[in-house]
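Note sheet for the following structure.
When reading the values below, keep in mind they use all heavy atoms of this one structure, side chains included, and skip hydrogens, waters and symmetry mates. Just so we're clear, the structure is a prediction, and the values are computed from it rather than from any experiment.
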Amino acid sequence: MEFEARCERSGHLTFGRSILKDSPEKTDALLESGKEHYLPNYAPAPMVLDHGKGARLWDTQGKEYVDLGAGISVTALGHGDEELVGILAEQGARLWHVSNLYFSEPAIRLAEELCAATFAERVFFCNSGAEANEAAGFHGRTLATVTATAQPKYHQGFEPLPGGFRYADYNDMDALEAEIGDRTCAVLVEPIQGEGGVVPAAPGFLAQIARCCRRHQALLIFDEVQSGLGRSGRFFAHQWEEGVVPDVVTIAKSMAGGLPMGAMLVGPEAADTLQPGSHGSTFGGNPVAAAVARAVLRRVRSKELIANVERQGERLRARLLALHNESGMIEEVRGKGLMLGAVLRKEWAGRAGELVDHCRRHGVLVLQAGPDVLRFLPPLNILDEELDEGMDRVAAALAEAAAEAAADTPADSAAVR
């Protein structure tokens, strides 16, 4: 009611540009409280977001942002989607939680629909990608999943790590084959690396992995937590490689449009592996999240939405390539659909975080994938005017950063370009 009252007083129930602003003192107090009471494992930007609609967000000071990050690939249908809000309210009034000691219809229906839409015979519901990958045996932010993530920066402080994990360079089939043998139980791979810099699998790479797994009777597991559910322009990113059928796929992030939910989808080779008592998740298959996820699943499978992802992905790629010529900062653009990474030129290497801050100050939210890549993950249903305005703001932000860098360059040195 407080939120509705704020919007009604400001004429902002339709999320126009004018809102009722909090005082700067209140915002500052909130920021200080967050710094004081949050554990410092995150470094949030100095802003307090208040509400959103579509691909736009507003902070407590009334500043508007175009959201080209979608909460790290989570709000795939944007903010304040009327259908999802209505389903959330209806199911919330009916049943919130029962645990997995009992059935509830939303989770049963969602499991049916996921199996009907994919290779899977069975589904395990959980709350996040880390939990989904933990159920698959690997990869995220619990201890086993930290170990499976082949990035030493995530290992530090968690040693000693569980044994049994071996790593191979991405897109290097010779290196992978050297690591796989008859004692290998499974191979886990992202069809498009996310945190690793938005790197797609090279043509033929996933098919080669599949053949190698079959030869050694190892399970093939695809981590589609970030790349799945329409993000790449296919329902699953691995479907860009024709004929590849996994044994297990993990999904999460956008699965319930912004509510915490994940799942492990399992084919016939592993469908009966987890027996009663072997694994669990208290909130997995929560009725509210499952009800919303059913609507998300229906919409991300629609031809109309996939067509929008492909079209807007090409438009976004074109704008990023144009920025290569305008700013001189971008070396290449990689990724698929609306999961794109702009790789910075060597003169700007290590400065992705700085450029993310410039973009935020210009009213557009983008992400980074490591120190050298700007990452773009907008809502899948983003409108032309939202994308155009967002990219205009990115262009202005990069131009400002380039001008500041040039001004700081000594006269006897080459300008950073």
Side-chain angles (χ1 to χ4, degrees), residues 115 117-124 129-130 132-140 144-152 154-155 161-229 231-252 263-274 334-337 339 341:
C115 289
T118 70
F119 70 98
E121 289 191 357
R122 295 180 185 271
V123 178
F124 170 82
N133 282 316
E134 184 81 10
F138 296 91
H139 189 66
T145 62
V146 163
T147 307
T149 302
Q151 297 192 51
Y154 291 131
H155 297 172
L161 299 170
F165 295 91
R166 306 180 76 172
Y167 313 110
D169 290 340
Y170 196 69
N171 281 330
D172 186 338
M173 194 59 211
D174 291 338
L176 182 63
E177 290 211 16
E179 298 292 344
I180 299 176
D182 292 339
R183 291 176 57 82
T184 303
C185 67
V187 175
L188 172 72
V189 63
E190 290 178 285
I192 304 175
Q193 286 191 323
E195 295 294 328
V198 193
V199 182
F205 182 58
L206 299 182
Q208 285 182 292
I209 295 174
R211 288 192 293 269
C212 192
C213 285
R214 301 297 174 250
R215 186 164 66 249
H216 293 284
Q217 296 184 320
L219 294 178
L220 175 58
I221 305 173
F222 286 140
D223 177 346
E224 295 263 14
V225 168
Q226 187 169 143
S227 62
L229 303 180
R231 169 65 56 188
S232 74
R234 299 289 187 271
F235 184 66
F236 288 136
H238 74 260
Q239 291 171 333
W240 285 96
E241 187 84 72
E242 292 186 6
V244 176
V245 180
D247 298 300
V248 177
V249 165
T250 56
I251 56 176
M264 175 180 66
L265 311 181
V266 184
E269 287 296 317
D272 295 321
T273 300
L274 295 181
R334 58 196 185 202
K336 291 183 180 295
M339 183 177 179

| said: Go through it in stages, so that I can follow the logic: the residues are Glu224 and Leu229, the test is side chain to side chain contact (heavy atoms under 4.5 Å, CB included), and I'd like the CA-CA distance, side-chain angles, deciding distance and then a yes or no. | reply: CA-CA 8 Å; Glu224 295 263 14; Leu229 303 180; over 6 Å; no
| request: List in chain and number order the residues that pass ring-ring contact (aromatic ring centres under 6.0 Å, His included) with Phe205, two or more places apart in sequence or in another chain; answer none if no residue qualifies. | output: Tyr170
Give me the atom names and distance for the closest heavy-atom approach of [X] to [Y].
X	Y	result
Leu206	Phe222	CD2-CE2, 3.8 Å
Thr184	Ala218	O-CB, 3.6 Å
Val187	Ile180	CG2-CD1, 3.6 Å
Val248	Ala136	CG1-CB, 4.1 Å
Arg231	Gln226	CG-O, 3.5 Å
Leu219	Cys213	O-SG, 4.0 Å

If we only count heavy atoms from C-beta on, is the [X] to [Y] side-chain gap below 4.5 Å?
X	Y	value
Ser232	Met339	no
Asn171	Val199	yes
Gln193	Arg334	no

For the [atom1] atom of [X] and the [atom2] atom of [Y], what is their distance to the nearest 0.5 Å?
X	Y	atom1	atom2	value
His216	Arg211	NE2	CZ	13.0 Å
Cys115	Arg122	SG	CZ	9.0 Å
Ser227	Lys336	OG	NZ	11.5 Å
His238	Ile192	NE2	CD1	12.0 Å
Leu274	Met264	CG	CE	5.0 Å
Glu269	Phe119	CD	CZ	11.5 Å

| request: Could you note down all residue pairs passing salt bridge (charged side-chain N to carboxylate O under 4.0 Å, His left out) where residues 233-249 supplies at least one of them, sequence neighbours left out? | output: Arg214-Asp247, Arg234-Glu310
| query | Should Cys212 and Met173 be marked as a side chain to side chain contact (heavy atoms under 4.5 Å, CB included) after you check the CA-CA gap, both sets of side-chain angles, and the distance that decides it? | reply | CA-CA 10 Å; Cys212 192; Met173 194 59 211; 3.9 Å; yes
| field | CA sep, side-chain torsions, deciding dist, call: Glu190, Val225, side chain to side chain contact (heavy atoms under 4.5 Å, CB included) | value | CA-CA 9 Å; Glu190 290 178 285; Val225 168; over 6 Å; no
| task | Tell me, with the steps shown, if Leu220 and Val244 meet side chain to side chain contact (heavy atoms under 4.5 Å, CB included). | result | CA-CA 10 Å; Leu220 175 58; Val244 176; 4.2 Å; yes
| Who are the side chain to side chain contact (heavy atoms under 4.5 Å, CB included) partners of Ala263, not counting sequence neighbours? | Val123, Phe125, Ile251, Met255, Leu265
| request: Could you tell me whether a side-chain N or O of Asp172 sits under 3.5 Å from a main-chain N or O of Ala175, the two making a donor and an acceptor? | output: yes
